[in-house]
J.: 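Here it is: the structure, laid out below.
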Number of protein chains: 2
Amino acid sequence: MDLVKVLCSDCRLRNLCLPLGLAGKELKQLEEIVKQPRPLQRGQRLYLPGDKFHYLFIVRSGTMKTYTTTSSGQQQIIGFHLPGELVGLDGVSDGNYTCTAETMEMTSVCELPFTKLENVMGQVRVLQRQVHRLMSKELLTDQQLLLQLGKMNAEQRVAAFLLNISCRFHLRGFSASEFHLPMTRSDIGNYLGLAVETVSRQFSHFQEMAVVKVSRKHIIIQKPEFLRLITNLDGKYQQEKEATHC
Amino acid sequence: MDLVKVLCSDCRLRNLCLPLGLAGKELKQLEEIVKQPRPLQRGQRLYLPGDKFHYLFIVRSGTMKTYTTTSSGQQQIIGFHLPGELVGLDGVSDGNYTCTAETMEMTSVCELPFTKLENVMGQVRVLQRQVHRLMSKELLTDQQLLLQLGKMNAEQRVAAFLLNISCRFHLRGFSASEFHLPMTRSDIGNYLGLAVETVSRQFSHFQEMAVVKVSRKHIIIQKPEFLRLITNLDGKYQQEKEATHC
DNA sequence: CGTGAGTTTGAACCGGATCAATTAAGGTGG
DNA sequence: CCACCTTAATTGATCCGGTTCAAACTCACG
C-alpha cells in the first residue's frame, strides 16, 4: 500500500475529532494506533450486523450512513456521518456490530482498534474525556431524531433535517447556505420515517415558499430563520402561517 | 440521614449493573464513590435540561423516565429506566443535561460523581469496559426505538413495547408473563409516537385476540410468540392475519 | 444515444389523530 | 367509612396528513 498516512496533527478535522485538546506525546500515542485503510467506493460496507467488533472508525472524507435491518429485511437509517464523526459505537455493547455502515460516495476513514484505544484512554485523561463526549453526542443525535420521528409532522422533519445538515457542513468549514446533499431522497425519507414522495413534495413546498432553492441534490437555503421557525413545534407559527399563506 | 448504604457486593442487581465482573479491591473502589440519596416520590426530578452535569445515576428500585422538551414545551419520552439501568449519560457530551429525568413511582437511585468514576475507570480496566458497554447499550436501545417510530405501525409498536418490558422484567427476576406497568397509557403513547386512544385500542385488540389480558396496568401475556410474530415487519404475517381473522 | 436509477407530481385511499362522551379508580377530606 | 373529585382509561365517530399507486420526467453514465 503506497498511501501516505495523514497525521492527526496535520488533519484539518483535528478540532472536531478525537485529538481535540491533545498535543505532544499524548497526541503521538493516539496517532500511533490510527490506521488509514485505502479509500472506499460508493456502496461499500465497513461492517455488517453480527461482524465481530474490533474497530471504531472516523470519517475522514466523504459520507457514510448506518442502518439497522429487521428480520424481514426492512431497514431504518440511524445516521449520516460526515467527516470527523465516529462510526462503530454500536459494536461496543456486546462485541458485535448491530448496524451496517455503508459509504454514500468515495470515502476514506481512520480505523481505531478499540482495545488499544481503551488502553490509551486509561493513560490519557483528556482523550478519555473526549471519547466519552463523542459517545454521548451520539446519544443526543439519536434523541434529536427520536423527537423528530415521534412528534414532528413531515414539514417539520424535513426542515429540521435541512438545518441539521447545513449546520454540520458549516462546522466543517463549508457554506451553511449552499451545499450538495450526499444522500438520495429515498435515504432522507427512510431516515425521517417518510415516503420518498413526501420528502420531494416538502422540498417543492419550501421552494414555493422561497425558503430554499432545490435542484436535485444541490440546495440553497435562502431563509434559514424560516426553517427554524417551522421546526418550533408550538402552535404559534402554525397560526401565523395560516394567516399569511391562506 | 439515617439510611444504611447498600453495598454493591450485597445488591441483587450487581450482575446487571456496573459491578459486573468486579471483585475485591476493585469493587471496593467503586463502592467508595457511590452515594445513595434518600428515596424519591413519584414525579420528582433528578435533573432538568441545562442542569450542570456531575452525576450518573443508576436506578436501584422503582422506575424513571427521561424525556426531551422542545422550545414549545412538547415532550418526547426517550426511555423508561428499570432497576440496574443507567440515567444521565445525556449530560456527558457538553457538561449539561439535555433531558429531564423523572421518577414514575417511589424510586431510589445510586449516584456516581462522573469525574471520580472516570478516575477509577482509568485504573480498573474491567470497570472501563463495563461503563462503555452500558453507554453503547443505551445507543442500541435508542436505535431500537428509532426503528419502531420509523418503520412500525401502531400494532407492531405496542407489541414490541410489551415484549421489551416483559423481557426486562424477566432479566430482573420477575415474571415475563405477568406484571404491573409502571407508566400510564399516555406515557406509552408519548414514547411510541401514538395517541393515548391508539394505545388503548391496541391493548383491547390484543385482548380480543387472546394474546394478552389487560386490566388497567396489570398485564398478563398469554401468547408471547404471537407478539413476536407481529413485530416481524415482513408481509408474511400480515397475509396470514388477513386469512385467519377476516 | 438509450437505459435505468432517481425525482417529481397527481389522484385515491387509509391508518391513526382528533374530538367527544362514558366509565373506572384512586385519593382526599368530612 | 363513604361521598366527592380528579385523573386515567376506554370506546365510538369523524377527519386529515401522509402513504400508496401510477405516470411523466431528468439526468448521469455506459
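Chain naming here is simple, since letters A, B, ... match the order of the sequence lines and numbering starts at 1 in each.
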J.: Within this structure, what is the CD-OG1 distance for the pair B:Gln75 and B:Thr68, rounded to the nearest 0.5 Å?
T.: 8.5 Å
J.: Nearest-Å distance, CD1 (B:Ile188) to C1' (D:dT10)?
T.: 14 Å
J.: Which nucleotides of nucleotides 2-7 of chain C have their base under 4.0 Å from a protein heavy atom (B), which only their sugar-phosphate (S), and which neither (-), written as one string 5' to 3'?
T.: ----BS
J.: Between atom CD in B:Glu155 and atom P in C:dG15, what is the gap in whole Å?
T.: 11 Å
J.: Which comes earlier along DNA chain D counting from the 5' end, the contact point of A:Leu194 or that of B:Ser204, where each point is its nearest nucleotide?
T.: B:Ser204
J.: Apply side-chain hydrogen bond (donor to acceptor under 3.5 Å, both in side chains) to the pair B:Arg228 and B:Asn232, showing each step before the final yes or no.
T.: CA-CA 7 Å; B:Arg228 246 169 263 127; B:Asn232 283 337; over 6 Å; no
J.: Quick one: B:Arg157 CZ to C:dA17 C1', roughly how many Å, whole number?
T.: 12 Å
J.: Provide, to the nearest angstrom, the distance between the NE2 atom belonging to A:His218 and the P atom belonging to C:dT8.
T.: 14 Å
J.: For the atom pair CD1 (A:Ile221) and CD (A:Glu178), what is the distance rounded to the nearest 0.5 Å?
T.: 10.5 Å
J.: What does B:Ala154 touch in the nucleic acid at a heavy-atom separation under 4.0 angstrom: a base, only the sugar-phosphate, or nothing?
T.: sugar-phosphate
J.: Round to a whole Å and report the spacing from CG of B:Leu181 to C1' of D:dT10.
T.: 16 Å
J.: Please test B:Glu102 against B:Arg45 for salt bridge (charged side-chain N to carboxylate O under 4.0 Å, His left out), starting from the C-alpha separation and ending with a verdict.
T.: CA-CA 4 Å; B:Glu102 185 178 319; B:Arg45 283 104 188 245; 3.4 Å; yes
J.: Do A:Phe179 and A:Phe174 make the cut of ring centroids closer than 6.0 angstrom?
T.: no
J.: Would you indicate, yes or no, if D:dG17 has its OP1 or OP2 atom less than 4.0 angstrom from a side-chain nitrogen or oxygen of A:Thr198?
T.: no
J.: Give me the ring orientation class for A:Tyr191 and A:Phe80: parallel if the planes are under 30° apart, tilted from 30 to 60°, perpendicular past 60°.
T.: tilted
J.: Starting at CZ of B:Phe203 and ending at P of D:dA8, how long is that distance when rounded to a whole Å?
T.: 16 Å
J.: Does A:His205 reach the side chain of A:Glu155, with side-chain heavy atoms less than 4.5 Å apart?
T.: yes
J.: Could you state the atom-to-atom distance from CE of B:Met152 to P of C:dG16 in whole Å?
T.: 13 Å
J.: Given the rule in the side-chain hydrogen bond (donor to acceptor under 3.5 Å, both in side chains) test, do A:Lys5 and A:Gln36 qualify, once you have shown the distances and angles that lead to the verdict?
T.: CA-CA 7 Å; A:Lys5 179 161 158 180; A:Gln36 292 174 345; over 6 Å; no
J.: Hey, which of A:Lys137, A:Arg60, A:Arg172 is the one that makes salt bridge (charged side-chain N to carboxylate O under 4.0 Å, His left out) with A:Glu85?
T.: A:Arg172
J.: Within the structure shown, what part of the strands sits under 4.0 Å from B:Gly189 by heavy-atom distance: base, sugar-phosphate, or nothing?
T.: nothing
J.: Roughly, in whole Å, what's the span from NE2 in B:His205 to C1' in D:dG12?
T.: 17 Å
J.: Shorter than 3.5 Å, N or O on both sides, protein versus nucleotides 10-13 of chain C: list them out with atom names.
T.:
| from | atom 1 | to | atom 2 | distance (Å) |
| --- | --- | --- | --- | --- |
| C:dG10 | N7 | A:Arg201 | NH1 | 2.9 |
| C:dG10 | O6 | A:Arg201 | NH2 | 3.4 |
| C:dA11 | N6 | A:Arg201 | NH2 | 3.4 |

